[in-house]
Amino acid sequence: MPLESLNNKKIRMRYVLDKLKNEYPNSKCSLNYNSPFQLLVATILSAQCTDERVNKVTFNMFKNYPTVFKLNELSQKEIGKLIYSTGFYNNKSKSIKKLCEILISKYNGEIPKTMDELHELPGTGRKTANVVLGNAFNIPGMVVDTHVTRITNLLKFVKTINAVKIERELEKIVPHEDWTLFSHLLIDHGRATCIANRPKCQDCILAEYCPSKK
DNA sequence: CTCCCGATAT
DNA sequence: ATATCAGGAG
């Protein structure tokens, strides 16, 4: 019984992935970065903030402070000024300042490549860690953000808003090689069509697979 | 669960 | 006015 329902989800997921890949052939990370460190910082900044705004902030920030060593020359307060417009600037600047210190003292300025090590870093939860693993190091990670949470629930692939549970469920359903791409596809679709609180179901390419279609 | 929090669209 | 934006920490 559980096996049958899992297989059904895997089959339905193949159709959904096929549709999404066809609709968003160039789907990829929309944060701008030139190194694993920059991606980590940009992803921390992206909490409850549009990527567009993060890119505006990091454009100037990474131009003047491109490395962990350069950025660490700034105080928390100075970092806070640079990232102010992304919101939560107090928490984020505190995380980034401490992040720089730990990366330098413990990792010789490099970015660790395991979930456990990344997750211990300030401001770095599983979502951020998986973004870095997948996009900077090509290590497949299931990123569960606001779009993935919303759309996988609407599609009834999962029935929970617990990010870890969603991650575990999706890892069973989505092919391993597509884990990183999957979040990018859903983010693209969430921005273009399956928009929070006003989904454009009439224009949705997934409508025939969506139990929540209006 | 609550708090952190500015920018933007509706 | 209100909801939402590539969440994380306590």
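In what follows, every heavy atom counts, from backbone to side chain, and hydrogens, waters and symmetry copies are set aside. So that the names make sense, note that chain A is the first sequence line, chain B the second, and so on, each numbered from 1.
For A:Lys9 and A:Phe157, the positive end is not near the middle of the six-membered ring at less than 6.0 Å and at most 45° from its axis.
A salt bridge does not link A:Lys28 with A:Asp188: none of the charged nitrogens is closer than 4.0 Å to a carboxylate oxygen. By the 4.0 Å N-to-carboxylate-O rule, A:Glu120 lies close enough to A:Lys106 to be salt-bridged with it. A salt bridge is absent between A:Lys213 and A:Glu208: the closest approach of a Lys/Arg side-chain nitrogen to an acidic carboxylate oxygen does not fall below 4.0 angstrom.
The number of heavy-atom neighbours closer than 6.0 Å to CG of A:Asp203, taken from other residues, nucleotides and ligands shown, is above 12.
At least one side-chain nitrogen or oxygen of A:Arg150 sits closer than 4.0 Å to the OP1 or OP2 atom of C:dC5. Look at A:Thr128 and you won't find any side-chain N or O under 4.0 angstrom from OP1 or OP2 of C:dG7. A close approach under 4.0 Å does occur between a side-chain nitrogen or oxygen of A:Asn90 and OP1 or OP2 of B:dC5.
Nearest-nucleotide mapping onto DNA chain B: of A:Thr86 and A:Ile161, the residue sitting toward the 5' end is A:Ile161. The nearest heavy atom of DNA chain C to A:Val131 and to A:Gly123 marks one nucleotide each, and the one closer to the 5' end goes with A:Val131.
Nearest to the side-chain atoms of A:Ala196 among the listed nucleotides C:dA6, B:dA7, C:dC5 stands C:dC5. Nearest to the side-chain atoms of A:Tyr89 among the listed nucleotides B:dG6, B:dC4, C:dG8 stands B:dG6. With C:dG7, C:dC5, B:dA7 as the candidates, the nucleotide lying closest to the side chain of A:Lys127 is C:dG7. Of the candidates B:dA7, C:dG7, C:dA6, the closest approach to any side-chain atom of A:Ser46 belongs to C:dA6.
Spacing between atom CD of A:Glu120 and atom C1' of C:dG8 amounts to 15 Å, rounded to whole angstrom units. The separation between A:Gln48 atom CD and C:dC5 atom C1' is 6 Å, rounded to whole Å. Remark: C1' of C:dG7 and CG of A:Asn91 are 11 Å apart, rounded to the nearest angstrom. For the pair A:Ile151 CD1 and C:dA6 P, the computed distance is 11 Å after rounding to whole Å. In this structure, NE2 of A:His189 is placed 16 Å from C1' of C:dA6, rounded to the nearest angstrom. Taking atom CG of residue A:Leu45 and atom C1' of nucleotide B:dC4, one finds them 14 Å apart after rounding to whole Å. Distance CG (A:Asp188) to P (C:dA6): 11 Å, rounded to an integer number of Å. For the pair A:Glu167 CD and C:dG7 P, the computed distance is 14 Å after rounding to whole Å.
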Worksheet item: Step by step, would you call A:Arg126 with A:Asp145 a salt bridge (charged side-chain N to carboxylate O under 4.0 Å, His left out)?
Response: CA-CA 10 Å; A:Arg126 294 189 62 87; A:Asp145 71 335; over 6 Å; no
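Put simply, the residue from A:Cys100, A:Ser93, A:Ser95 that forms a side-chain contact (heavy atoms from CB on, under 4.5 Å) with A:Gln76 is A:Ser93.
When heavy atoms are screened at a 4.0 angstrom cut-off, A:Ile195 is found touching no nucleic acid atom at all.
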Listed pairs, N/O of protein and of nucleotides 8-10 of chain B, under 3.5 Å:
unit_1 : atom_1 : unit_2  : atom_2 : d
B:dT8  : OP1    : A:Arg53 : NH2    : 2.8

